[in-house]
Amino acid sequence: MGNSPIGTGGDVAQLSKFYRAGTWIEGRAEDQLTEVAGWPGMSRIAAFPDLHPGRFGPVGAAFLADRLWPQLVGPDIGCGMALFALDLPGRKLNLDRAARRLRMLEGPDDGADAALAAADIPDLTAMGLGTIGGGNHFCEVQEVAEVAPGAPLATGDLCLLVHSGSRSQGAGIFAALQGEWGAGFAPDSDAGRAYLARHDAAVRWARLNRARIADRAAQALRCQATLICDTSHNHLRETDNGWLHCKGAAEADRGLAPLAGSRDAASYLLAVTGRDPDALGALSHGAGRRYDRAAMHGRMREGRADLAAMTRNALGGRVICEDRALQVEESGRAYKNAAAVVADLAAFDLAHPLATLVPRITFKTARTGGEA
DNA sequence: ATGTAC
C-alpha cells in the first residue's frame with residue numbers, strides 16, 4: 001500500500017507515501033517530492049506524515065539514489081533525536097528551580113575537548129560541542145504519561161529528549177561544497193569520497209553532541225542520564241539497493257525511535273517494526289512543521305505580555321526561549337499534530353507508540369547562564 | 001542548519 005508511481009516516463013523514482021487522506025500535507029512539499037523523484041539516478045522515495053517543504057527538497061522523507069546528493073542531507077549533517085532516561089522521579093521535579101539550573105546549557109561545555117579527543121573523530125574540532133544551537137533544536141525534560149507493555153520507561157519517570165546536530169561543523173562541510181554538487185556526486189569520485197568521509201565524521205560528532213548535552217543537563221539537574229535511543233535524521237548511508245538519503249527521516253533500524261512533538265504537545269517513544277521495505281528503513285522524526293518561520297510572525301501576537309506568557313507551555317510546564325523571533329517561530333502552533341503523525345505510522349504498521357512523553361521544561365536558549 | 005551576511 002501507499003505506492004503511487006508518478007509520471008509516465010521511465011526515469012522517475014517510485015514514491016511511497018506513508019500518510020492517510022486526512023493528514024495535513026502542504027501542497028508545496030508534495031510538489032518537491034515530485035521534483036526530486038525526477039532527479040537523475042533517483043530510484044525510490046518514502047514520504048512520511050511529518051512531510052513539509054524544505055530548502056533543497058522536502059523534509060520528512062527518505063531518498064534512494066545511485067549517487068550522493070549532499071543537498072538532500074543539508075547543512076546540519078547528523079542532526080537527530082536522542083532520548084535519555086533520568087534517574088529522577090517526576091514528583092521530585094521542581095519546575096522553576098530545574099528551569100533555572102538548565103540555563104547553564106547556554107554556556108560552553110568545559111568537557112568538550114576531552115570528549116572529542118576520546119571519540120577520535122577525524123578532522124573536526126570541539127567548537128560548539130555540547131551546545132544545542134538554534135532553529136528547531138532543543139533539550140526537553142519530559143514526564144512519562146502513558147506506556148505500552150515492553151516500554152523501557154514507567155509512568156511518572158522523567159526523561160530528556162535532545163534534538164541537535166553537528167552545529168557549525170556540518171554547516172562548514174556543506175558550505176565548503178559551494179553548491180557545486182552538479183547532478184550529485186558519484187560515490188567513487190574524489191569529491192564523493194571526500195564528502196562521505198566528512199559526512200560520516202559529522203554524523204558521529206552530532207551523536208556525541210547529543211550525549212554531551214544530555215550529560216550537561218543531567219549535571220545541572222543533579223542526576224544521571226542514560227541513553228535509551230539516538231536516531232539521526234539528516235544523513236546518508238550505503239544500502240544493498242543504493243545510497244539512502246534521510247532528510248528529516250529517522251533511522252528505523254534500531255528497534256526504538258523518539259518522535260518529537262512540540263513544546264506544547266507530547267513526544268513519543270516508538271517501537272519500530274521495520275516490516276515494510278517501501279519505507280526504506282526510515283521513519284518520521286517529529287510532528288513536522290505546519291507553518292514556516294515567516295508565516296508564524298503573521299499568525300501570533302508578539303507584545304510583551306504575549307511573549308511573557310510563552311514562558312509557560314500549554315500543560316503547565318516551562319519554556320526557556322529568550323530569543324524573541326525564535327519564541328514565535330518555534331511556538332507549538334508552528335507544528336503539526338504529533339499524535340496524528342504517530343497514528344499514521346501505526347496505521348501503516350511502521351511503528352507503534354511505547355510511551356507518551358509530556359513536555360515539562362523546554363530549553364531552547366537563554367540570554368544569560370544558570371546558577372552553579 | 002550557521003561563533004547568523006553586505
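Hydrogens, waters and symmetry mates are skipped; everything else that's a heavy atom, side chains included, is used. Below, read A as the first sequence line, B as the second, and so on, with proteins coming before strands; counting in each chain starts at 1.
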What nucleic acid atoms does [X] come within less than 4.0 Å of, heavy atoms only: base, sugar-phosphate, or nothing?
X       : answer
R167(A) : sugar-phosphate
G128(A) : nothing
G135(A) : sugar-phosphate
G133(A) : sugar-phosphate

d([atom1], [X]; [atom2], [N]) in whole Å:
X       : N      : atom1 : atom2 : answer
D76(A)  : dT2(B) : CG    : C1'   : 9 Å
H235(A) : dA1(B) : NE2   : C1'   : 17 Å
N136(A) : dT4(B) : CG    : P     : 19 Å
L326(A) : dT4(B) : CG    : C1'   : 12 Å
H52(A)  : dA1(B) : NE2   : C1'   : 12 Å
L129(A) : dT2(B) : CG    : C1'   : 16 Å
F56(A)  : dT2(B) : CZ    : C1'   : 13 Å
R293(A) : dT2(B) : CZ    : P     : 10 Å

> Should the pair R103(A) and F363(A) be classed as cation-pi, given the thresholds of under 6.0 Å to the six-membered ring centre and 45° from the axis?
Replying inline: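 No, R103(A) and F363(A) do not form such a contact.
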
> When you measure from the centre of the six-membered ring of F63(A), is the NZ or CZ of R44(A) under 6.0 Å away and within 45° of the axis?
Replying inline: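 No.
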
> side-chain contact (heavy atoms from CB on, under 4.5 Å) between C246(A) and R237(A): does it pass, once the steps are laid out?
Replying inline: CA-CA 9 Å; C246(A) 287; R237(A) 67 182 167 88; 5.9 Å; no

> What do the steps show when you test F185(A) against W243(A) for ring pair (Phe, Tyr, Trp, His ring centres under 6.0 Å), and what is the final call?
Replying inline: CA-CA 11 Å; F185(A) 291 148; W243(A) 291 88; over 10 Å; no

